[in-house]
Amino acid sequence: MNQRIFITPKASQDIDLEALIEKSLLTEAAYIKGESGDYDRNYCIDKTQLLQFLRQTQPTQVTKLETSYGKRFEERLFQRISDQIKTRGIVDVFRNGIKAGEVSLTLYYNLPTSQLNPQASQRYKDNIFSVTRQVYFSNDQKRRSLDIVIFINGLPLITFELKNNLTTQNVQDAIKQYKTDRDPKETLFNLVTNS
């Protein structure tokens, strides 16, 4: 069966811009490609990347939480991280980690100031920097998406709405979209308010 797919010039150019940015981050900055379906709107977390990071870097702490939380391990872990981000802000959570009961979790390893400590250098390299295209962020309007989201260890840090002059849109249109077409009460847009 031969099907034709028609893409408008605007859609083609926006998609091309997304692809160009994604390719640059993947090939030049060693990011990994995230999957939109791994993003959980309720917790504002890429569950796959977060669990991969924690299991790789802090297996003992994860095992303790799995024992403590039982079958509800993931749900309770994600809820705890989400609650801490809402209370303290994403930057503070990155800087100081979280405590879940008696277990402390590091959610980001800082770039060491020198290469003299190989363990600190390796921990920094264990961070998972990723780029995900078309992230559906809203529970109220499930068709709303962001063009690109940058995650570190499964936690969202930067969101993008891309515009280009070839589609007669520019940065001012992106700003307007964030101001008028994005509900500031959406959890994803409130992750830094307390940091």
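Values reported hereafter were calculated over all heavy atoms of this structure, with side chains retained and with hydrogens, waters and symmetry mates removed.
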Contact list for residues 104-124, test salt bridge (Lys or Arg N to Asp or Glu O under 4.0 Å), sequence neighbours left out: none

Ring geometry between Tyr124 and Tyr108 (parallel below 30°, tilted from 30 to 60°, perpendicular above 60°): perpendicular

With sequence neighbours excluded, residues passing side chain to side chain donor-acceptor pair (under 3.5 Å) with Gln119: none

Under the ring pair (Phe, Tyr, Trp, His ring centres under 6.0 Å) test, residues paired with Phe129 that sit two or more places apart: Tyr31

For Ser36, all residues meeting side-chain contact (heavy atoms from CB on, under 4.5 Å), sequence neighbours excluded: Thr132, Tyr136

Side-chain heavy atoms of Ile85 within contact of Val93, under 4.5 Å: yes

Glu18 and Gln134, any side-chain heavy atoms less than 4.5 Å apart: yes

Gap separating the NZ atom of Lys23 from the CD1 atom of Ile21, nearest 0.5 angstrom: 13.5 Å

Between CG on residue Leu111 and NZ on residue Lys125, distance to nearest 0.5 Å: 10.5 Å

Residues in salt bridge (charged side-chain N to carboxylate O under 4.0 Å, His left out) contact with Glu75, at least two apart in sequence or another chain: Arg72

Partner set under side chain to side chain donor-acceptor pair (under 3.5 Å) for Glu22, not counting sequence neighbours: Arg133

Heavy-atom closest contact (Cys44 atom, Pro156 atom, distance): O-CD, 3.1 Å

List the atom pairs, with distances to 0.1 Å, where a side-chain N or O of residues 48-60 and a protein N or O form a donor-acceptor pair under 3.5 Å, not counting sequence neighbours.
from, atom 1, to, atom 2, distance (Å)
Thr48, OG1, Asp38, OD1, 3.3
Thr48, OG1, Asp38, OD2, 3.4
Gln49, OE1, Ser130, OG, 2.5
Gln49, NE2, Asp46, OD2, 3.0
Gln49, NE2, Ser130, OG, 3.1
Arg55, NH2, Glu66, OE2, 2.8
Gln56, NE2, Asp126, OD1, 3.3
Thr57, OG1, Phe53, O, 2.7
Gln58, OE1, Thr106, N, 2.8
Gln58, NE2, Thr106, O, 2.8

Over 12 non-hydrogen atoms of neighbours within 6.0 angstrom of NZ in Lys99: yes

Which residues share a salt bridge (charged side-chain N to carboxylate O under 4.0 Å, His left out) with Lys47, sequence neighbours left out: Asp40

For Asn117, side chain to side chain donor-acceptor pair (under 3.5 Å) partners two or more places apart: none

Pairwise distance CG(Leu157) to CD1(Ile152) - rounded to 0.5 angstrom: 4.5 Å

For Ser121, side chain to side chain donor-acceptor pair (under 3.5 Å) partners two or more places apart: Gln115

Non-hydrogen side-chain atoms of Thr159 and Phe137 separated by less than 4.5 Å: no

Distance-minimising heavy-atom pair for Leu162 and Asp147: N-OD2, 2.6 Å

Approximate separation, where rounding is to 0.5 Å, of Ile98 CD1 and Asp92 CG: 11.5 Å

Minimum-distance pair of heavy atoms, taken over all atoms of Ser68 and Arg76: O-NH1, 4.3 Å

Phe160 and Ile150, any side-chain heavy atoms less than 4.5 Å apart: yes

Closest heavy-atom pair and its distance - Val103, Gln61: CG1-CB, 3.5 Å

Ser82 side chain vs Phe78 backbone, donor-acceptor pair below 3.5 Å: no

Gap separating the CZ atom of Arg80 from the OH atom of Tyr43, nearest 0.5 angstrom: 14.0 Å

By ring pair (Phe, Tyr, Trp, His ring centres under 6.0 Å) - contacts of Tyr69 (at least two apart): none

Side chain to side chain, Leu155 and Ile81, heavy atoms closer than 4.5 Å: yes

